[in-house]
Amino acid sequence: MKVIVTSNYEEMCAAAAQMILNQVRNKPNSKLGLATGGTACGVYDVIVREYTAHKVDFSNVKTVNLDEYMGVEPNNEISYAHYMKERLFDKVNLKPENTYVASGKNDVAEETKLFNDRLNEGGVIDLQLLGVGVNGHIGFNEPAEELVAGVHVVELSESTILANSRFFESIADVPHCSITMGVGDILKAKKIVLIASGKEKMQAITYLLMNDKVSTKVPVSLLKLHADATVIIDKELADAVGYVS
Ligand code: F6R
């Protein structure tokens, strides 16, 4: 695992965005795995700026998103489909048919098949962007005795519902279930870039960086099994976990 410490959130986002931009420049028909959440917002801002300055072309790029809330219409403002449209899809020249965010409204068996079809279509993901939950989840693979390798529907943990309630008017509005790539799907990506900033992620990042163990109870630790994973954290978080590069 390669670890990069940046001086702040903006630089962390710029570093992750550069890795994605380089991936697309080197392979214009790249398949990207995308994440939502607060941390990733700044990454998409940088990508959109580079696109607006004519420095990258997404016309042949394909994208697959990690997850979506169950029971939520794609055009609902709280959906990850809406997040992606607002932050990236409507702002660059990605073809709508080349993007995929699971529908949380469709029949689960049907949507799982569609999700798998998109994951398998045209080969594995070239670069997967990841955030990490306060409890160490990746995608919505929550800490558990056992993790699921493939696409599945998962009940969100109390910790995740609480963390995500900042995007909702009230905690009661946070959906309790999500459809997500499994850890096997994530680990199949050729390259993984994980971003994390701020002290809230301290526990998960301490387990990731400060020991040599892997646990399903800290799903992000599975990145230690990947041959090409880069972890980008800001100084505030690095200092909090005592990581020295
Ligand atoms: C989002 C996702 C989640 C988030 C994680 C961190 O698609 O898969 O794993 O990356 O919950 O979210 P933020 O960045 O809001 O702290």
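Counting starts at 1 for both ligands and their atoms, following the listed order. Keep in mind that the numbers below use all heavy atoms, side chains included, and drop hydrogens, waters and symmetry copies.
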Note: heavy atom closest to atom 9 (O) of ligand 1, options S197, G139, G131, G133, belongs to G139
Is K62 close to E121 at the side-chain level, that is, under 4.5 Å between some pair of heavy atoms? yes
Margin query: As a quick check of understanding, evaluate salt bridge (charged side-chain N to carboxylate O under 4.0 Å, His left out) for R49 and D45, giving each step before the final call.
Written below: CA-CA 6 Å; R49 272 207 300 278; D45 290 346; 5.7 Å; no
Carboxylate-amine/guanidinium proximity below 4.0 Å for E145 and K217: yes
Task: K31 bridged to D126 by N-O distance under 4.0 Å - done: no
In this structure, atom 5 (C) of ligand 1 is nearest to the protein heavy atom H137 NE2, 3.4 Å
- May I ask whether K201 has any heavy atom positioned less than 4.0 angstrom from an atom of ligand 1? yes
Contact region, L66 to ligand 1, non-hydrogen atoms below 4.0 Å, reads side chain
Next item on the list: Look only at interatomic distance and state if G38 has a nitrogen or oxygen under 3.5 Å from any nitrogen or oxygen of ligand 1.
Entry: yes
Q. Hey, are the side chains of T39 and K201 touching, using non-hydrogen atoms and a 4.5 Å cut-off?
A. yes
| query | Any salt bridge between K85 and E77, counting N to O under 4.0 Å? | reply | no
D67 N/O to ligand 1 N/O under 3.5 Å: yes
If you scan protein heavy atoms around atom 12 (O) of ligand 1, the nearest is G37 CA, 4.2 Å
heavy-atom search around atom 14 (O) of ligand 1 in the protein gives T39 OG1, 2.4 Å
Any heavy atom of V132 under 4.0 Å from ligand 1? The part involved is backbone
Minimal heavy-atom distance between D234 and S197, with the atoms involved, is OD2-CB, 3.1 Å
Original post:
Does the ring centre of Y100 sit less than 6.0 Å away from the ring centre of F115?
Top reply: yes
Do any N/O atoms on R166 end up under 3.5 angstrom from N/O atoms on ligand 1?
yes
Looking only at protein heavy atoms, what sits closest to atom 1 (C) of ligand 1 is T36 OG1, 3.1 Å
